[in-house]
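Worksheet for the structure shown next.
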Protein chains: 2
Amino acid sequence: MKRVTILGSTGSIGCQTVEIIKKHPKRFKVLGLSAHKNIDLLEEQLIELRPQIVAVLDKAAAMELKKRVEGKVRVLVGAEGLEELASLPESDLVVNAIVGSAGLDPTIAAIEADKELALANKESLVVGGEIVRGLVQKRGARVIPVDSEHSAIFQCLQGESPGDVVRLLLTGSGGPFRGKRLEELKDVAVEEALAHPRWKMGRKISIDSATLMNKGLEIIEAHFLFGIDYDRIEVVIHPQSIIHSMVEFRDGSIKAHLGWADMRIPIQYALSFPERLSSPLAGLDFSDLGQFTFEKPDLVNFPCLELALQAARNGRTYPAVLNAANEEAVAAFLDRRIPFILIPQIIGQTLDTHSPRNANDLSVLKEVERWARNRTKELIKRASEL
Amino acid sequence: MKRVTILGSTGSIGCQTVEIIKKHPKRFKVLGLSAHKNIDLLEEQLIELRPQIVAVLDKAAAMELKKRVEGKVRVLVGAEGLEELASLPESDLVVNAIVGSAGLDPTIAAIEADKELALANKESLVVGGEIVRGLVQKRGARVIPVDSEHSAIFQCLQGESPGDVVRLLLTGSGGPFRGKRLEELKDVAVEEALAHPRWKMGRKISIDSATLMNKGLEIIEAHFLFGIDYDRIEVVIHPQSIIHSMVEFRDGSIKAHLGWADMRIPIQYALSFPERLSSPLAGLDFSDLGQFTFEKPDLVNFPCLELALQAARNGRTYPAVLNAANEEAVAAFLDRRIPFILIPQIIGQTLDTHSPRNANDLSVLKEVERWARNRTKELIKRASEL
C-alpha cells in the first residue's frame, strides 16, 4: 500500500491521478490533497477519498472550505500549508500536479522530506532546475516524471547506463497550428488554440502546445531530469503522437516508448513505479494506425520554441524569466487581452531586458520571477492599449 | 577482456562478428573459430585473429586446413570437433553463427559447459526449443539473441519484469516481394529473391525473408527465448525496417528498438552485453526518414508464414519438420531445381504426412529431421522431374 499525497488534485493531471487511484484501492491510499481554489471539486474528492489533510492555496477559499468540513479533515492554508502537505511524514509518494511555478516550493519541500516525487509540474525544473537537481543528488531522491515525453524517456532508460546515452529525442505533435505560417496565426481564437489534435490537457498547457513553448519547456525539464546537455536533446515533430519520445545510445540503438496519447499511462506508471499495473486501454493495432510521420520543428513560425532554446542555452535565470513571461502572456491570451502572435513577442521583449543572475538561490529566483511578471504585465498592458 | 569463440565465423554473421571484434582489441580476444568448409577464409581469419583452436565441419576441408597450418593451430574435425570448440573451458562467450539445424548440438554443448551464448542460429530454438529452454532454465544460462528482432525485444525487456509483458510485436520488412500475388511469384529468379530491400544477409535467410518463412521461424524462436505464448506474438509488416521489434506491457506501454537495418548493431550488443560500445553508425535523422508504415502480413500470398504458424501451434516435432523441409526446399530453389512457389507447397506436403512425436529427446529430433529431409528431397525430385 503506497500512501500518496496529490498536490493540485483538482487540475487535469490531478483529477486523472484521483481516477487511477480509485481503480486500485488496494495499492494506494490518499493521505492528502490540495487545490488552488476549486474547493467544490476538492470537497467531492474529500468525501470520496477521505484524506487526513488538505491544503488550499487561496486563503479565502481555504476559509470557506474550513467552514464546510469543520471537524472532518484538517485544512491547511496558503503556500505554507502546501509545503507542510508536501512533507507529510506518513506519505510515501507526493504527486506534484500543480500548474505553474507555484509548484517549485512544494517540490523542494517534498524532496527535503525524503518523499518519492511523481513530478507533473515541469516549472519546478524550468525555474528551479539547478536547485532541484542539486537537492535530488544530495538526498538521493527518486523523481519520476509524469509528462508523457519524460515518462517515455525515463522508461527507456530503465536497465540502461546513463553514460551510454548520446541523444534524447523529444517528440511533439506540432500542436493545432502545425504547418501554419505566422501571418495565419494573427487572429486565431482562444478556442482554436485550445483544440489540441491529440492530447486532452489543461488550458495553460494546451496553449503552450499551440505555441510550441511546451516543447521548449520540456527540453529544459529533460536537461535537469536526465542530466543531458542541450546539444544532445532534439525535438522531432511526430503528428500522430504514438511515439512519446526516444533515447539514442552510443551503439546506434534507439529505444522508444509508444502508446495511445493518454495521460493515464504515464500517470499510472509514476504511481506504480517500479511496477506496472494493468490498464483498461486497448493495445495499439499497428496496421490500423497506418503510418507515422516525422518533421523538423518549425522555429520560424513558432518563435516560442526558439526563445526557449536560447533561454535554455543562456542558462542562469533566463529559463525562470522565460517561464514567468510565458505564464503571464498565456494568461493574457486566454483572457483575450492579447492576440496569439503577441505571446512570443512579449516573452522575447521581457527576455531581452533581463539582467541574468545565478539560479542557485531561491530568493534570487523569486525576485527575478517577480520582475519578469511585472515587466511582462507592463508589456501586455501597453500592447492591449494600442 | 572477454574470450570469445565464434562458430560459423566464415558466414555473414560470423564475418561481421570478426569485424566488430577487430575494432575492439582491448575488449575481446578470439579463442576459437569454426567453418563449414570455407577454409580459405578461415585461414585468413586465423592469421589475423590467432585463435588457439579451430574446427571444420567438412572432414576433407579439415584435413586440407590441417596440412596448411600444421603446428600453428589445433584443428578439430566434424560435428564432435564443433562441440568440443563450443565448450572450450577458457572461453567466456560462444557466438553461434552457424546456419541451419547443424547449430543445435553446439548450442547444447555451449550451455552445458556454462558458456554465455550469443545466439544467431535460430534453428537451435526452432528445432530444439524445448530441449534448449529446459537446459537454459536448469543451468541458469545467459542467452543473448543476435537476430535483430530478438535483440530488439531482449533490449526492450531490460529493466522490466517478464510478468508485465502482454505482447511481442515482431516487425518485418515484408521482403522483396511484398505486395505481390502468388501468380506473380511463379517465375521469380533466384537473384530477385536474394535482393532484399533492407538487410544485407546470407543467401538462405534472404530466401526465407522473401517467402516470409523467416518471420515464422522468428515467432518460434521468440516463443522459446522469451517464454511467451504464440497468441501473444504478433507480426507487423514495417517496410522501412527502422523499428526492429516491440514489446507491449500490461499498462498499455510499448517499448520499441529502432536503428539502421544493420546487423552490426545487434551483433555488437550481443558481444558487449550488458555494456554498450560505441558504434561508427551515424544517428538516425527522423525528419529525413519521413515516414514509417505498417501492414498486416499477407498470409494468402505468402503461405510459408501460415505454415510456420500452424507448425508452431501444433508444436511437438512439427517445427523441426517445418525447418528441415524448408532448408531442403530453399536449397533446391537456390540450385534452380524448383520454382519459388513450390517452396511452400513442398513444405506443406512434408508437414501433412508427418506423424508428430515429443520434441524433448535429441535422438527423436534427429530421426524426425532425417525423415523430413528425405521426404522433402523425394518431393523435390518428383517436382523437378515433372
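Your options are Gly290(B), Gly159(B), Pro266(B), and the one with the most heavy-atom pairs under 4.5 Å with chain A is Gly290(B). For the set Leu281(B), Leu157(B), Ile265(B), the entry with the most heavy-atom pairs within less than 4.5 Å of chain A is Ile265(B). For chain B, the option among Pro274(A), Gly252(A), Ser151(A), Ala256(A) with the highest count of heavy-atom pairs below 4.5 Å is Ala256(A). Of the listed residues (Glu234(A), Arg276(A), Gln158(A)), the greatest number of heavy-atom pairs within a distance under 4.5 Å of chain B belongs to Arg276(A). By number of non-hydrogen pairs under 4.5 angstrom with chain B, the leading residue of Gly259(A), Gly163(A), Ser253(A), Ala152(A) is Ser253(A). Put simply, of Arg167(B), His257(B), Met246(B), His238(B), the one with the most heavy-atom pairs under 4.5 Å next to chain A is His257(B). Of the listed residues (Asp288(B), Leu284(B), Ile237(B)), the one with the most heavy-atom contacts under 4.5 Å to chain A is Leu284(B). If you tally non-hydrogen atom pairs under 4.5 Å between each of Ser278(B), Ser272(B), Ser279(B) and chain A, the highest count goes to Ser278(B). Ranked by heavy-atom pairs shorter than 4.5 Å toward chain B, the options Gln155(A), Glu248(A), Gln268(A), Glu295(A) are led by Gln155(A).
Rounded to the nearest 0.5 Å, atoms CG (Leu258(B)) and CD1 (Ile243(A)) are 6.0 Å apart. Remark: Leu289(B) CG to Thr293(A) OG1 distance equals 11.5 Å, nearest 0.5 Å. To the nearest 0.5 Å, the span separating CZ on Phe292(A) from CD on Gln291(B) amounts to 11.5 Å.
Ion pairing between a basic and an acidic side chain is recognised when a charged N comes within 4.0 Å of a carboxylate O; Arg264(A) and Asp251(B) show no such pairing.
The environment of NZ in Lys29(A) is crowded: more than 12 heavy-atom neighbours from other residues, nucleotides or ligands sit within 6.0 Å. Around the NZ atom of Lys2(B), the shell of radius 6.0 Å holds more than 12 heavy atoms that belong to other residues, nucleotides or ligands.
Heavy atoms closer than 4.5 Å to chain A are found in the side chain of Glu160(B), but not in its backbone. For a residue to count as touching a neighbouring chain, one of its non-hydrogen atoms must lie under 4.5 Å from one of that chain's; by this rule Ser161(B) does not touch chain A. Leu169(A) touches chain B through its side chain: at least one heavy atom from C-beta onward sits under 4.5 Å away, while N, CA, C and O do not.
Taking 4.5 Å as the limit, some side-chain heavy atom of Phe286(A) sits within range of a side-chain heavy atom of Ile254(B). In this structure the side chain of Lys296(B) reaches within 4.5 angstrom of the side chain of Asp285(A), judged on heavy atoms.
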